[in-house]
Chemist: 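My questions all concern the structure below.
Residues: numbered from 1 along the sequence shown. Source: prediction; values computed, not measured.
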Amino acid sequence: MALSLQSTKKMVSGYEIPVLGYGVYKTPPNVTEFVTLKALELGYRHIDSAQLYNNEAECALGILRSNIPRSQIFYTTKIPTTHMSYEKAKEAIDASLAAAKGLEYIDLMLLHAPYGGRTGRLGAWRALVEAQAAGKIRSLGVSNYGIRHLEELEDYIRGGGGGEISVGQYEIHPWCAREDIVSWLRDRGVVVEAYAPLVQAKRMQEPVLRKLARKYGKSEAQVLVRWSLQKGYVPLPKSVTESRIVENSQVFDFELSAEDMEELQTAEYAPVSWDPARDSRL
C-alpha cells in the first residue's frame, strides 16, 4: 500500500505512530508555535520535541491552536540528560506535562541519551514505566542508546522492570547508517526514528544526491527523506522555513529504485550531531 502523510506504523505498545514527523530541534521558542501550527495545517500529525529544546510549551500551543482533535496528533518529548535518575526523571515527566498543558498526555517519551550510569538509566526508565501506568505517557522509547545500553535495558525489562521499547531514535542517513543498531531494534519490532535525516544540509552537494534529485525532479532534501521512508524509518525533518516544511512533506509521489537506494548507501560513518551511542564513557 502506498504511503501518505497520514500513514502510520503500529508500535509494540499497541499505538500508532505517523511515518513522517516534524522536528523542532533548536527551533527558537518565539517561532515554534507558528511553525508547529503551520506543519499541522499542511497535514503533518507527528511533532517531535524535547525538554532540551526549550520549546515544549510552544509546541503544545501550536497543537492546541490547530483545533485538530488531540487523538489525531502524535506528540513526542524526551527526558533530558540532566534528569537520568528515578527521582529526576519523575520531575522531568511532570515538567513536560505541565509545559504541554492542555494536551492531557504525551504520546511518546524517550530517554534522550544513555547518561546517568546504569543506576540512573534504569531508574529513569522505571519513572517512565510508572508514568505510562498512570496514563501520563502512552509509549516509551530511547534515543542515542548503543547496543550495550539497549541490552542493559532489555535485561531489566525481562527481569520484571516493566514497559516496552516502542521506539529507538537516532541520527540516521546515508552517511551514518547505524545498521547494527537498526538490526537489533528491528529484531524486536521497535520502530526506528531518524533524526537529522537531511544531514543538517551539509551533504546537499554530494554528486550522487544531486544526480538523483535531477533524475526524479525532486530536491536533494526530498530524496533524503524518501530514502529514509523506503528504509522503513520514521524520518523527522526539521525546518523553520514554510516552503521547506511543505517540501519535506511532498515525498509520497515518487519512489527511489532499488539501484538508486543502493547507490545512496555509503560505508561512511560521519554523524553531524552528538553521538552518545558510540561514547565508550557512557
Chemist: Would you please name every residue forming a side-chain hydrogen bond (donor to acceptor under 3.5 Å, both in side chains) with Ser96, sequence neighbours left out?
Modeler: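 Per chain and number, Ser96 pairs via side-chain hydrogen bond (donor to acceptor under 3.5 Å, both in side chains) with Gln51, Glu56.
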Chemist: State, to 0.1 Å, how close Tyr195 and Trp274 come at their nearest heavy-atom pair, and which atoms those are.
Modeler: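 Scanning both residues completely, I find the closest heavy atoms to be OH-NE1, 3.3 Å.
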Chemist: Within the side chain of Arg178, is there an N or O that forms a donor-acceptor pair under 3.5 Å with the backbone of Glu171?
Modeler: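 Flag set: sc Arg178 to bb Glu171 pair under 3.5 Å.
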Chemist: If I compare all heavy atoms of Leu140 with all of Leu128, which pair ends up nearest, and what's the gap?
Modeler: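 In this case the closest contact between Leu140 and Leu128 is CD2-O, 3.8 Å.
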Chemist: Without swapping roles, check the side chain of Thr32 against the backbone of Pro28 for a donor-acceptor pair under 3.5 Å.
Modeler: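 Yes, Thr32 side chain to Pro28 backbone: donor-acceptor pair under 3.5 Å.
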Chemist: Under a 4.0 Å threshold between the charged nitrogen and the carboxylate oxygen, would Glu263 count as salt-bridged to Lys211?
Modeler: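 Yes.
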Chemist: Show me, pair by pair, the donor-acceptor contacts under 3.5 angstrom made by side chains of residues 155-167, not counting sequence neighbours?
Modeler:
residue, atom, partner, partner atom, Å
Arg158, NH2, Glu154, OE2, 3.3
Glu164, OE2, Gln132, NE2, 2.9
Ser166, OG, Ser13, N, 3.4

Chemist: Checking Ala133 now: which residues fulfil side-chain contact (heavy atoms from CB on, under 4.5 Å) with it, not counting sequence neighbours?
Modeler: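 side-chain contact (heavy atoms from CB on, under 4.5 Å) check on Ala133 returns nothing, list empty.
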Chemist: Considering residues at least two apart in sequence or located in another chain, which fulfil the salt bridge (charged side-chain N to carboxylate O under 4.0 Å, His left out) criterion with Arg45?
Modeler: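 Here no residue qualifies.
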Chemist: At what distance, to the nearest 0.5 angstrom, does OG1 of Thr36 lie from CD of Glu41?
Modeler: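 The distance works out to 11.0 Å.
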Chemist: Show me the donor-acceptor pairs, under 3.5 Å and distance only, between side chains in residues 237-246 and residues at least two apart or in other chains.
Modeler:
residue, atom, partner, partner atom, Å
Lys238, NZ, Tyr25, O, 2.7
Ser239, OG, Thr241, N, 3.0

Chemist: With sequence neighbours excluded, tell me which residues meet salt bridge (charged side-chain N to carboxylate O under 4.0 Å, His left out) with Glu268.
Modeler: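 Scan of Glu268 (salt bridge (charged side-chain N to carboxylate O under 4.0 Å, His left out), adjacent residues dropped) gives Arg203.
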Chemist: Side-chain donor-acceptor pairs under 3.5 Å in residues 220-227, sequence neighbours left out?
Modeler:
residue, atom, partner, partner atom, Å
Gln222, OE1, Ser219, N, 2.9
Gln222, OE1, Ser219, OG, 3.4
Gln222, NE2, Glu247, O, 3.1
Gln222, NE2, Gln250, O, 3.2
Arg226, NE, Gln230, OE1, 2.8
Arg226, NE, Phe254, O, 3.1
Arg226, NH1, Val251, O, 2.8
Arg226, NH1, Phe254, O, 3.3

Chemist: Would Glu16 and Lys9 pass as an ion pair if we require N to O under 4.0 Å?
Modeler: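 Answer for the salt bridge query: no.
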Chemist: Less than 4.5 Å apart, any side-chain heavy atom of Tyr22 and any of Asp48?
Modeler: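 They are not in contact (no side-chain heavy atoms under 4.5 Å apart), so the answer is no.
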Chemist: Which atoms form the tightest heavy-atom contact between Gly141 and Leu108, and what is the distance?
Modeler: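 In this case the closest contact between Gly141 and Leu108 is N-CD1, 4.1 Å.
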Chemist: Do you know the tightest heavy-atom contact between Ser249 and Tyr44?
Modeler: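 Minimum heavy-atom separation between Ser249 and Tyr44: N-OH, 3.4 Å.
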Chemist: Mind checking the CG-CD spacing from Asn144 to Gln169? Nearest 0.5 Å is all I need.
Modeler: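 Rounded to the nearest 0.5 Å, the CG-CD separation comes to 7.5 Å.
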Chemist: Can you list every side chain to side chain donor-acceptor pair (under 3.5 Å) pair that touches residues 116-128, not counting sequence neighbours?
Modeler: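 Of all non-adjacent pairs touching residues 116-128, those that pass side chain to side chain donor-acceptor pair (under 3.5 Å) are Arg121-Glu152.
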Chemist: Test: ring-ring contact (aromatic ring centres under 6.0 Å, His included). Region: residues 62-109. Which pairs qualify, not counting sequence neighbours?
Modeler: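 Listed by first then second residue: His46-Phe74.
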Chemist: Any idea which heavy atoms bring His173 and Ala270 closest together, and the distance?
Modeler: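 Smallest heavy-atom distance, with atoms named: CE1-O, 3.9 Å.
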Chemist: Are the side chain of Tyr170 and the backbone of Tyr145 linked by a donor-acceptor contact shorter than 3.5 Å?
Modeler: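 Looks like yes, one N/O pair under 3.5 Å.
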Chemist: Who are the salt bridge (charged side-chain N to carboxylate O under 4.0 Å, His left out) partners of Asp180, not counting sequence neighbours?
Modeler: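 Per chain and number, Asp180 pairs via salt bridge (charged side-chain N to carboxylate O under 4.0 Å, His left out) with no residue.
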Chemist: Taking only residues two or more places apart in sequence, or in another chain, which ones meet Glu91 in a side-chain hydrogen bond (donor to acceptor under 3.5 Å, both in side chains)?
Modeler: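 Testing Glu91 for side-chain hydrogen bond (donor to acceptor under 3.5 Å, both in side chains), a comparison that skips the adjacent residues, returns none.
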Chemist: I would like to know whether Val12 and Arg188 meet side-chain contact (heavy atoms from CB on, under 4.5 Å); could you show each step before the answer?
Modeler: CA-CA 9 Å; Val12 293; Arg188 292 153 177 83; over 6 Å; no
Chemist: Please round to the nearest 0.5 Å and tell me the distance separating atom CG of Leu37 and atom CG of Asn67.
Modeler: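 Here the rounded value is 9.0 Å.
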Chemist: Looking only at side-chain N and O atoms, does Glu179 offer a donor or acceptor that is under 3.5 Å from a partner on Gln265?
Modeler: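 Result is yes, a qualifying pair exists.
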Chemist: Mind checking what makes salt bridge (charged side-chain N to carboxylate O under 4.0 Å, His left out) contact with Arg70, not counting sequence neighbours?
Modeler: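 By the salt bridge (charged side-chain N to carboxylate O under 4.0 Å, His left out) rule, Arg70 matches Asp107.
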